[in-house]
Amino acid sequence: MRYDLVIFDNDGVLVDSEPISNGILAAYLTELGHPTSYEDSVRDYMGSAMHRVHDLVQERTGQRLPDDFDDVFHARVFAAFERELRPVAGAVQVLEKLTADGVPYCVASSGSHERIRVGHRTTGLDRWFDEGRVFSSQDVGKGKPAPDLFLHAAERMGVPPRRCVVVEDSALGVRAANAAGMDVYGFTAMTPAARLTGATRHFSDLADLLDLLV
């Protein structure tokens, strides 16, 4: 394989959570008096840490979101996950093959550790990710598009950035991987390739990733 480490984004790449979480986020912001469509949420917040939601709302309106915003939002998202969340098609196949071939991999997500774990338990992907393979923006304090999270994951996994490839489906994630000096494969199942400018390659079926890595 051409890389020594595969770094997966989580939401939208391993678990099919983006439609769920962006729908809930748009509805909650609208409920609070900040009209937001599903398309707005995907454009502005997909792939980002929660602090970006707070920052953009305050920047645009001069108003702060409620102190319990994150807690309420995550409670709604986790309840929906329990009902609706599924692994992305091809995710299990890819993880099985990487494991069988002894290829190192991990997940580096803008979501909290709790969000990652809830999603993995619900979909059964937790069997592929022990604690040493899970990294969150919580670990570095600065989410994508900053490179900090990907650089942290590479360091903890003991692999130089130039030997890593990131699998991402958000524009913010692609920018973060570029800034980290890593190759990045843009997953276009939900995000048009035109929005993932800067990706090393684009692909639309997660199962195809295995052929792209060799």
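Rounding to the nearest 0.5 Å gives a distance of 6.0 Å between CG of Asp9 and OG of Ser170. Note that CG of Leu196 and CZ of Arg201 are 15.0 Å apart. Values are rounded to the nearest 0.5 Å. To the nearest 0.5 Å, atom CD of residue Glu59 and atom CZ of residue Arg52 are 9.0 Å apart. Atoms CG and CZ, on Leu213 and Arg2 in that order, are 7.5 Å from each other to the nearest 0.5 Å. Once rounded to the nearest 0.5 Å, the distance linking OG of Ser204 with CZ of Phe187 reads 7.5 Å. Note that the CZ atom of Arg76 and the CD1 atom of Ile20 stand 15.5 Å from one another [nearest 0.5 Å].
In this structure Phe150 satisfies the ring-ring contact (aromatic ring centres under 6.0 Å, His included) test with no other residue, sequence neighbours excluded. Scanning for ring-ring contact (aromatic ring centres under 6.0 Å, His included) contacts around Phe73 gives an empty result, with sequence neighbours left out. In this structure Tyr45 satisfies the side-chain hydrogen bond (donor to acceptor under 3.5 Å, both in side chains) test with no other residue, sequence neighbours excluded. With sequence neighbours excluded, no residue satisfies side-chain hydrogen bond (donor to acceptor under 3.5 Å, both in side chains) with Thr191. By the salt bridge (Lys or Arg N to Asp or Glu O under 4.0 Å) test, Asp40 pairs with Arg43, sequence neighbours left out. Contacts of Arg121 classified as side-chain hydrogen bond (donor to acceptor under 3.5 Å, both in side chains), with partners at least two apart in sequence or in another chain: none. Residues passing the side-chain hydrogen bond (donor to acceptor under 3.5 Å, both in side chains) test with Arg86: none are found, sequence neighbours excluded. In this structure, Arg162 has no salt bridge (Lys or Arg N to Asp or Glu O under 4.0 Å) partners at least two apart in sequence or on a different chain.
Within a 6.0 Å sphere centred on CZ of Arg156, heavy atoms belonging to other residues, nucleotides or ligands number 12 at most. In this structure, Gln58 places its CD atom where more than 12 heavy-atom neighbours from other residues, nucleotides or ligands lie under 6.0 Å away.
When every heavy atom of Gly143 is checked against every heavy atom of Ser137, the shortest pair comes out as CA-CB, 4.0 Å. Leu172 approaches Ser48 most closely through the heavy-atom pair CD1-CB, 3.5 Å. When all heavy atoms of Pro145 and Ala179 are compared, the closest pair comes out as O-CB, 4.5 Å. For Ala108 against Lys144, the heavy-atom pair with the smallest separation is O-NZ, 3.3 Å. Taking both residues in full, the closest heavy atoms of Val94 and Ala207 are given as CG2-CA, 4.2 Å, listed atom of the first, atom of the second, then distance.
No hydrogens or angles considered: nothing links the side chains of Arg115 and Ser109 as a donor-acceptor pair under 3.5 Å.
Exactly one of Ser17, Ser37, Ser41 qualifies for a side-chain hydrogen bond (donor to acceptor under 3.5 Å, both in side chains) with Asn22. That residue is Ser41. Only one option out of Asp4, Leu5, Leu151, Val184 pairs with Cys164 in a side-chain contact (heavy atoms from CB on, under 4.5 Å); it is Leu5.
In this structure the side chain of Leu29 reaches within 4.5 angstrom of the side chain of Val53, judged on heavy atoms. Val134 is listed as a side-chain neighbour of Arg117, based on a closest heavy-atom distance under 4.5 Å. Taking the side chain as every heavy atom from C-beta outward, Met157 and Ile7 never approach each other to under 4.5 Å. With a 4.5 Å cut-off on side-chain heavy atoms, Pro104 and Val159 do not count as touching. At a threshold of 4.5 Å between non-hydrogen side-chain atoms, the residues Phe8 and Leu209 count as touching.
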Phe81 and Val15: side chain to side chain contact (heavy atoms under 4.5 Å, CB included), yes or no, with the steps?
-> CA-CA 10 Å; Phe81 279 4; Val15 296; 6.0 Å; no
Quick one: do Ser136 and Ile116 satisfy side chain to side chain contact (heavy atoms under 4.5 Å, CB included)? Show the steps, please.
-> CA-CA 8 Å; Ser136 161; Ile116 298 167; 4.1 Å; yes
Going through the distances and angles, do Gln93 and Leu210 end up as a side chain to side chain contact (heavy atoms under 4.5 Å, CB included)?
-> CA-CA 9 Å; Gln93 177 185 345; Leu210 296 170; 4.2 Å; yes
Starting from the C-alpha separation in whole Å, work towards a yes-or-no answer on side chain to side chain contact (heavy atoms under 4.5 Å, CB included) for Thr36 and Leu25.
-> CA-CA 8 Å; Thr36 306; Leu25 180 58; over 6 Å; no
Residue pair Asp44, Arg60: steps toward the salt bridge (Lys or Arg N to Asp or Glu O under 4.0 Å) verdict = CA-CA 12 Å; Asp44 293 341; Arg60 290 169 174 174; 2.9 Å; yes
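Hydrophobic clustering, with ILVMFWY side chains joined whenever heavy atoms are under 4.5 angstrom apart, keeps Leu98 apart from Val166. Connection of Ile24 to Val118 is established within a shared hydrophobic cluster, with ILVMFWY side chains joined at heavy-atom distances below 4.5 Å, either directly or through further cluster members. Hydrophobic clustering (ILVMFWY, side-chain heavy atoms < 4.5 Å, transitive): Met182 and Val13 are in distinct clusters. Residue Val167 is grouped with residue Val103 when hydrophobic side chains (ILVMFWY) are merged at heavy-atom distances under 4.5 angstrom, including chains of intermediate members. A chain of hydrophobic side-chain contacts below 4.5 Å, direct or via other Ile, Leu, Val, Met, Phe, Trp or Tyr residues, connects Leu125 to Val88.
Counting only residues at least two apart or on different chains, the ring pair (Phe, Tyr, Trp, His ring centres under 6.0 Å) pairs with a member in residues 113-145 are Tyr105-Phe129, His120-Phe129, Phe135-His152. Evaluation of the side-chain hydrogen bond (donor to acceptor under 3.5 Å, both in side chains) test over residues 62-71, restricted to residues two or more places apart or in two chains, returns His54-Asp70. For residues 177-188, the set of pairs meeting the side-chain hydrogen bond (donor to acceptor under 3.5 Å, both in side chains) definition, not counting sequence neighbours, comprises Tyr3-Asp183, Tyr3-Tyr185.
Alongside Tyr38, the hydrophobic cluster contains Val42, Met46, Met190 (criterion: ILVMFWY side chains under 4.5 Å).
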